[in-house]
K.L.:
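Next up is a structure, given as structure tokens.
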Amino acid sequence: MRKPTLRQVEAFKAFVETGSVSRAADILHVSQPAVSKLLNHLEEDVEMRLIDRSHGRMTVTEKGMRVYEEVDKVMSGLDQINQSIAMIRNEDRATLTVGITPGFPISLLVNATQEVLSQRPDVNLVYFVRSSEYIIHRILNRKIDVAIIAQKFDHPLLHFETFYSKPMVVAMAEDHALAKKEVVTIEDLAEGPFVPFVEGTETRRISDKLFSDAGVFPKTPVSVTTAPQVCAMVAAGLGTCIVSPLFAAGSMEGLKMRPLKPEHIMEIHVARSNYARDSQPIDILVDRLKKAVEGI
């Protein structure tokens with residue numbers, strides 16, 4: 001196996017993200033034949049079929065998507081290098097890098113960002129949406145300054161502060177049979193289809209454990225990544241879901257929420273290194289988020 005070139009990797013990433021050789025060529029400012037050649041050479045070099053060309057339309061294979069996920073991680077690291085270089089070039093501005101758990105409401109981040117920039121116009125904010133484990137690793141390596149995550153880790157170099165702690169609820173369409181109940185049990189959810197989050201998310205881990213502990217296993221015809229997607233599926237009548245009211249904020253149209261029994265508390269934490277740089281903008285961000293989640 002030969003080592004792929006950076007240009008081959010860029011072409012593959014552009015093709016996966018656009019779904020088209022022509023659009024990838026536009027992004028890379030080269031011709032379509034040049035992109036096709038780069039993709040062909042990449043497959044030859046890695047000795048794997050990354051693209052399926054057998055049905056008249058080029059699609060990414062399962063192995064190709066796994067390669068793309070690794071490529072995306074590496075290229076994100078390169079983006080971080082570029083940001084660091086820009087910061088060094090312009091040292092009068094500080095960069096605050098924030099790790100965010102998937103599904104955290106963007107509206108809350110917008111308001112918090114506005115507050116930070118109004119008080120500290122010298123600060124650049126960079127947001128990364130990744131898993132809690134990935135974010136914690138980056139904090140310990142001093143690549144991320146502060147994190148908004150749903151898991152708490154015991155580590156002597158980290159400081160955690162819980163700023164949201166409320167029971168998860170069951171969401172369903174307004175005309176769903178369970179909407180007539182005051183409280184929905186985990187056993188009730190086994191009677192119809194259930195829409196879970198994808199594996200690897202904290203909400204999925206919680207719901208799987210609740211079902212496993214109760215010994216019930218509902219039909220799950222579809223699983224999705226974010227709370228807005230889950231809520232849209234549920235509002236369309238595709239099933240019920242277990243969700244944090246915080247993550248469902250802004251996606252409530254067409255839904256009924258009911259308390260879940262047994263109760264399970266979803267906590268959102270602020271995590272930062274004990275040696276975090278320039279704590280003032282972090283404090284502003286956290287304080288604004290605390291105020292924003294009141295009443296949700």
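Values below: all heavy atoms of this structure, side chains included; hydrogens, waters and symmetry mates excluded. These numbers come from a predicted model, not from an experiment.
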K.L.:
Please confirm whether the backbone N or O of I149 pairs with a side-chain atom of S132, one donor and one acceptor, at under 3.5 Å?
P.N.:
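Checked: no pair found.
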K.L.:
Show the nearest heavy-atom pair for residues L109 and T113, with the distance to one decimal.
P.N.:
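Result for this residue pair: O-OG1, 2.7 Å.
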K.L.:
Does atom NZ of K166 have more than 12 heavy-atom neighbours, drawn from other residues, nucleotides or ligands, at distances under 6.0 Å?
P.N.:
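Yes - once you tally the heavy atoms of other residues, nucleotides and ligands closer than 6.0 Å, there are more than 12.
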K.L.:
Give the minimum heavy-atom separation between L42 and P4, together with the two atoms involved.
P.N.:
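Reported closest heavy-atom pair: CD1-CB, 3.6 Å.
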K.L.:
Measure the CG-CG distance between L289 and N111 for me, rounded to the nearest 0.5 Å.
P.N.:
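Going from the CG atom of L289 to the CG atom of N111 covers 9.0 Å.
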K.L.:
Keeping the roles fixed (side chain from N141, backbone from K143), state whether a donor-acceptor pair exists under 3.5 Å.
P.N.:
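Answer holds: no.
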K.L.:
Between L39 and V16, is there a shared hydrophobic cluster once you connect ILVMFWY residues whose side-chain heavy atoms come closer than 4.5 Å?
P.N.:
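They do share one cluster, since a chain of ILVMFWY contacts under 4.5 Å joins L39 to V16.
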K.L.:
Which heavy-atom pair separates V169 from P245 by the least distance, and what is that distance?
P.N.:
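Smallest heavy-atom distance, with atoms named: CG1-CG, 4.0 Å.
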K.L.:
Once rounded to the nearest 0.5 Å, what's the spacing between atom NE2 of H159 and atom CG of L157?
P.N.:
13.5 Å
K.L.:
For residues 253-265, which side-chain donor-acceptor pairs fall under 3.5 Å, sequence neighbours excluded?
P.N.:
{"from": "R258", "atom 1": "NE", "to": "A179", "atom 2": "O", "distance (Å)": "3.2"}
{"from": "R258", "atom 1": "NE", "to": "K181", "atom 2": "O", "distance (Å)": "2.9"}
{"from": "R258", "atom 1": "NH2", "to": "A179", "atom 2": "O", "distance (Å)": "2.9"}

K.L.:
Say whether, by atom type as modelled, one donor and one acceptor occur between the side chain of T162 and the main chain of H269 under 3.5 angstrom.
P.N.:
no
K.L.:
Could you tell me if the side chain of M266 sits less than 4.5 Å from the side chain of L246, heavy atoms only?
P.N.:
no
K.L.:
So does Y68 get a backbone contact from the side chain of D72, meaning a donor-acceptor N/O pair under 3.5 Å?
P.N.:
no
K.L.:
Taking the six-membered ring for Trp, are F211 and F194 closer than 6.0 Å centroid to centroid?
P.N.:
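Ring-ring flag for F211/F194: true, centres closer than 6.0 Å.
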K.L.:
Less than 4.5 Å apart, side chain to side chain, heavy atoms only: is that true for V243 and F197?
P.N.:
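With C-beta onward as the side chain, the pair touches.
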K.L.:
Can you tell me if T18 uses its side chain to pair, donor with acceptor, with the backbone of A14 under 3.5 Å?
P.N.:
yes
K.L.:
Do V286 and V110 share a hydrophobic cluster, counting only Ile, Leu, Val, Met, Phe, Trp and Tyr and linking them when any side-chain heavy atoms are less than 4.5 Å apart?
P.N.:
yes
K.L.:
Of all heavy-atom pairs between V216 and A190, which one has the smallest distance, and what is that distance?
P.N.:
CB-CB, 3.7 Å
K.L.:
Would you find a donor on one side and an acceptor on the other, under 3.5 Å apart, between the side chain of E43 and the backbone of I51?
P.N.:
yes
K.L.:
Once the angle between the rings of F153 and F160 is folded into 0 to 90°, is it parallel (under 30°), tilted (30 to 60°) or perpendicular (over 60°)?
P.N.:
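Rings of F153 and F160: tilted, 30 to 60°.
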K.L.:
Taking all heavy atoms of A173 and all of A235, pick out the closest pair and write down the distance.
P.N.:
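So the minimum-distance heavy-atom pair works out to CB-O, 3.9 Å.
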K.L.:
Please check: side-chain N/O of E161 versus main-chain N/O of V270, any donor-acceptor pairing under 3.5 Å?
P.N.:
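The answer is no, because no donor-acceptor pair under 3.5 Å joins these two groups.
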K.L.:
Could you pull out all residues at least two apart from E10 that satisfy salt bridge (charged side-chain N to carboxylate O under 4.0 Å, His left out)?
P.N.:
R7
K.L.:
Does atom CZ (R57) have a neighbourhood of more than 12 heavy atoms from anything else shown, all under 6.0 Å?
P.N.:
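Atom CZ in R57 is not packed in, count stays at 12 or less.
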K.L.:
Do the side chains of I135 and F128 get nearer than 4.5 Å, heavy atoms only?
P.N.:
no
K.L.:
Give, for atom CD1 of I282 and atom CG of L96, the distance between the pair rounded to the nearest 0.5 Å.
P.N.:
5.0 Å
K.L.:
Would you check if there is a donor-acceptor pair between the side chains of S22 and S20 at a distance under 3.5 Å?
P.N.:
yes
K.L.:
Under the salt bridge (charged side-chain N to carboxylate O under 4.0 Å, His left out) test against D283, which residue among K290, R288, R272 passes?
P.N.:
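Of all the options given, the one that passes is R272.
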K.L.:
In the structure I gave you, are the side-chain heavy atoms of E70 and R66 within less than 4.5 Å of one another anywhere?
P.N.:
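When only atoms from C-beta onward are counted, R66 and E70 do not touch, as no gap falls below 4.5 Å.
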K.L.:
Taking all atoms of both residues into account, what is the closest heavy-atom pair of Q8 and H41, and its distance?
P.N.:
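That would be NE2-CB, 3.3 Å.
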K.L.:
Answer yes when R205 and E202 have at least one side-chain N-carboxylate O distance shorter than 4.0 Å, and no when they do not.
P.N.:
yes
